[in-house]
Amino acid sequence: MFPSTVRSALRLLRCRGTAWSPPSPGKVFSSRLVLGIETSCDDTGAAVLDEKGEILGESLHSQKEVHLRAGGIIPTVAQQLHRENIKRVVQEALERSGVDPSQLTAVATTVKPGLALSLGIGLEFSQRFVREHDKPFIPIHHMEAHALTVRMLHPVAFPFLVLLVSGGHSLLAVARGVDDFLLLGHTLDEAPGDTLDKVARRLSLIKHPQCSTLSGGQAIELLAKNGDRRRFAFTTPMGQTHDCCFSFAGLRNQVTMMIIKKETEEGVEQGTLLSCVNDIAAATQHTVASHLAKRTHRAILFCKANGLLPSSSPTLVLSGGVASNQYIRKALTIITETTGLRLLCPPAKFCTDNGVMIAWNGVERLRERKGILPPNVDVRYEPKAPLGVDMSAEVKAAEIRLPSVKLKIPN
Ligand code: KG4
Ligand code: ZN
């Protein structure tokens, strides 16, 4: 039922490999085919998948470097870049797959949550496309897609616990079905990727020779490898509330104060690389990792107490852009080993935003016949859209105390 990872990897290599050869006319496909389109933030992505999850063709245009240079994502700039690239990206994915639009079974597109101006471009393009080619339309929830990507790569049955951490989100949920989620916790202020991006910006890491093209999170991870995380004792609100919600704004404030202090001590202006960047990066990364690990530990105990996960092979799935971080993966490994869960994490290219995950979500919905609309239905995008049924109050009321676990995370 599921393709082997090796087959997928080979397929990927073929898709991204050297020269592209034009589709052979009249290529016949026995499987149903879905075109996925993603524009919720700063990546324009498209992919064509068959029903087994084979990636037939994909294309991705990242706006990362533009936004890095601008010091953050400016929605109008993101919108303009999506507008300039969407047609080419979709065409590339189709051409690489050898699939003619007439051969598609459906088109799946992210319509929520995300930046309004970015979502609007993907939705407008998709609605025009499905009308022109008379294809069913599958509106996709971006976080549902992140949560389900793992099932394209591994045979993971519902229910499973999922921790999604990205630049726009952090949440813990039990995935009980393709469109059935119990939300155990979410961020109360900012997402961990946002915090890492802002810390990296405040540290002017774009000026660091090794970091000039890296996202904030990638830069922090790289520099932290040669840093001493014990040099700075940053904290997150751990002890006060016994829930699974996240908070990173306080951490960012502490790091900013420390940067100001160090700038004063070193007698340098804001915008100069500090001599202690590696240590600040390591301490920040460790604090984020341990906050995520502790909240996830509580979520696992809540699931166990309430029979929300299967007794055989209970699974934690970690995904979203921040899940590419190896140090954070190691922190979560300590928690899953302590609690007897299996940890699954898609490879980095499937953790960050892409068209493949949206197409896969379309395949999952197609199989279950859920949320498939005729081409002429008007769909609205939703910048804010919670995932699933919010159980965070129940989790808090359970007041689960954590046993102490030493997070000795190897660098
Ligand atoms: O999922 P994603 O591509 O877009 C959103 O939906 O937000 O995630 C992007 C976020 C950025 O904040 C970026 O700094 C972070 O993921 N990120 C990382 C790493 N790679 C990307 N954070 C920590 N470590 C990484 N290696
Ligand atoms: Zn995302």
Side-chain angles (χ1 to χ4, degrees), residues 36-45 60-65 67-68 71-73 75 78 82 110-115 118-119 122 140-150 162-171 186-187 190-203 205-206 210-211 213-225 227 246 248 251-252 281-282 284-289 291-292 317-332 345-358 360-361 383-385 387 409 411:
I37 298 177
E38 157 65 29
T39 65
S40 69
C41 188
D42 57 349
D43 292 299
T44 318
L60 186 67
H61 176 264
S62 169
Q63 306 175 358
K64 188 173 76 180
E65 289 199 27
H67 298 310
L68 264 178
I73 299 176
H82 283 305
T110 309
V111 302
K112 61 186 174 184
L115 297 174
S118 296
L119 288 167
I140 298 294
H141 190 299
H142 184 80
M143 302 315 285
E144 182 181 300
H146 270 308
L148 300 180
T149 309
V150 71
V162 59
L163 170 62
L164 299 179
V165 275
S166 71
H169 305 271
S170 61
L171 62 85
H186 50 87
T187 185
E190 58 194 46
D194 192 22
T195 310
L196 295 174
D197 290 342
K198 285 174 173 152
V199 166
R201 212 175 301 145
R202 185 60 186 79
L203 283 168
L205 296 188
I206 195 164
Q210 286 175 282
C211 302
T213 60
L214 302 183
S215 67
Q218 288 170 321
I220 298 270
E221 177 171 26
L222 183 75
L223 296 184
K225 288 195 173 110
F246 304 98
F248 296 97
L251 166 65
R252 180 154 65 86
T284 306
Q285 177 179 257
H286 178 76
T287 312
V288 169
H291 189 44
L292 294 173
V317 170
L318 172 61
S319 196
V322 178
S324 326
N325 185 292
Q326 296 300 323
Y327 190 85
I328 290 172
R329 289 187 187 199
K330 285 180 205 159
L332 269 304
C345 190
K349 75 154 283 201
F350 292 123
C351 281
T352 46
D353 293 350
N354 59 80
V356 174
M357 69 183 205
I358 307 305
W360 173 251
N361 200 159
K384 284 197 181 352
L387 181 73
I409 310 164
N411 228 345

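Just follow the structure's listing: the first ligand is 1, and inside any ligand the first atom is 1. All figures in this text were calculated on a predicted structure; none of them were measured in a lab.
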Novice: Show the numbers, then the answer: is there a side chain to side chain contact (heavy atoms under 4.5 Å, CB included) between Asp42 and Leu115?
Specialist: CA-CA 9 Å; Asp42 57 349; Leu115 297 174; over 6 Å; no
Novice: Looking only at distance, does Gly217 have an N or O less than 3.5 Å from an N or O of ligand 1?
Specialist: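 Between Gly217 and ligand 1, an N or O pair is found under 3.5 Å apart.
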Novice: Which is closest to atom 20 (N) of ligand 1 in terms of heavy atoms, Glu221, Arg329, Gln218, Lys64?
Specialist: Gln218
Novice: Take Thr284 and Leu196 through the test side chain to side chain contact (heavy atoms under 4.5 Å, CB included) and record every step on the way to the result.
Specialist: CA-CA 8 Å; Thr284 306; Leu196 295 174; 4.1 Å; yes
Novice: Using a strict 4.0 Å cut-off to heavy atoms of His146, name the atoms of ligand 1 that fall inside it.
Specialist: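 In order of number, 1 (O).
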Novice: For Ser166, take its heavy atoms, then give the atoms of ligand 1 lying under 4.0 Å from any of them.
Specialist: 1 (O), 5 (C), 6 (O), 7 (O), 8 (O)
Novice: Going by distance only, is there an N or O of Asn325 that falls short of 3.5 Å from an N or O of ligand 1?
Specialist: yes
Novice: Do Lys64 and Gln218 come close enough that some side-chain heavy atom pair is under 4.5 Å?
Specialist: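 Contact flag for Lys64/Gln218 side chains = yes.
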Novice: Closest non-hydrogen protein atom to atom 12 (O) of ligand 1, residue and atom name please, with distance?
Specialist: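 Among all protein heavy atoms, the one nearest atom 12 (O) of ligand 1 is Asp197 OD2, 2.7 Å.
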Novice: Show me which atoms of ligand 1 lie under 4.0 Å from any heavy atom of Gly193.
Specialist: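 Per the distance check, 12 (O).
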Novice: Verify the distance test for Cys41 against the Zn ion (ligand 2): any N/O/S atom under 2.8 Å, yes or no.
Specialist: no
Novice: Answer yes or no: does an N/O atom from Gly167 fall short of 3.5 Å to an N/O atom of ligand 1?
Specialist: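 Looking only at distances, the answer is yes, because the N/O contact criterion of under 3.5 Å is met.
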Novice: Looking at Asp194 and Lys198, is there a salt bridge between them, counting it only when a charged N and a carboxylate O are closer than 4.0 Å?
Specialist: yes
Novice: Say whether His82 and Thr39, considering side chains only, have a donor N or O and an acceptor N or O under 3.5 Å apart.
Specialist: no
Novice: For the residue pair Asn354 and Val356, what are the closest heavy atoms and their distance?
Specialist: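 That closest heavy-atom pairing would be OD1-N, 2.9 Å.
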Novice: Short list, please: which atoms of ligand 1 are under 4.0 Å from a heavy atom of Gly168?
Specialist: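 Every atom of ligand 1 under 4.0 Å from some heavy atom of Gly168: 7 (O).
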Novice: What pair of heavy atoms forms the shortest contact from Phe248 to Glu190, and how long is it?
Specialist: CD1-O, 3.3 Å
Novice: Check all N, O or S atoms of Asp353 and name the one closest to the Zn ion (ligand 2).
Specialist: OD1
Novice: Restricting to non-hydrogen atoms, name the atom on Ala78 and the atom on Cys41 that form the minimum distance, rounded to 0.1 Å.
Specialist: CB-O, 4.1 Å
Novice: Verify side chain to side chain contact (heavy atoms under 4.5 Å, CB included) between Asp353 and His146, making sure each step is shown before the conclusion.
Specialist: CA-CA 8 Å; Asp353 293 350; His146 270 308; 3.0 Å; yes
Novice: Check each heavy atom of Leu196 against ligand 1 and say whether those closer than 4.0 Å belong to the side chain, the backbone, both or neither.
Specialist: side chain
Novice: Return a yes/no value for Asp353: is any of its N or O atoms, backbone included, closer than 3.5 angstrom to an N or O of ligand 1?
Specialist: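 It does: an N or O of Asp353 is found under 3.5 Å from an N or O of ligand 1.
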Novice: Once you restrict to heavy atoms under 4.0 Å, what part of His142 touches ligand 1? Side chain, backbone, both or neither.
Specialist: side chain
Novice: Distance under 4.0 Å to a non-hydrogen atom of Thr352: what atoms of ligand 1 satisfy this?
Specialist: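 Every atom of ligand 1 under 4.0 Å from some heavy atom of Thr352: 3 (O).
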Novice: Atom 8 (O) of ligand 1: which of Gly321, Ser170, Gly216, Ala323 has the nearest heavy atom?
Specialist: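 Looking at heavy atoms only, Gly321 sits closest to atom 8 (O) of ligand 1.
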Novice: Tell me the closest heavy-atom pair linking Gly216 and Ala200, and the distance in Å.
Specialist: CA-CB, 3.5 Å
Novice: Test side chain to side chain contact (heavy atoms under 4.5 Å, CB included) on Thr352 and Ser324; report intermediate values, then the result.
Specialist: CA-CA 8 Å; Thr352 46; Ser324 326; 4.2 Å; yes
Novice: Using a distance threshold of 2.8 Å, state whether an N, O or S atom of His146 lies below it from the Zn ion (ligand 2).
Specialist: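 Looking at His146, which is the residue asked about, there is an N, O or S atom under 2.8 Å from the Zn ion (ligand 2).
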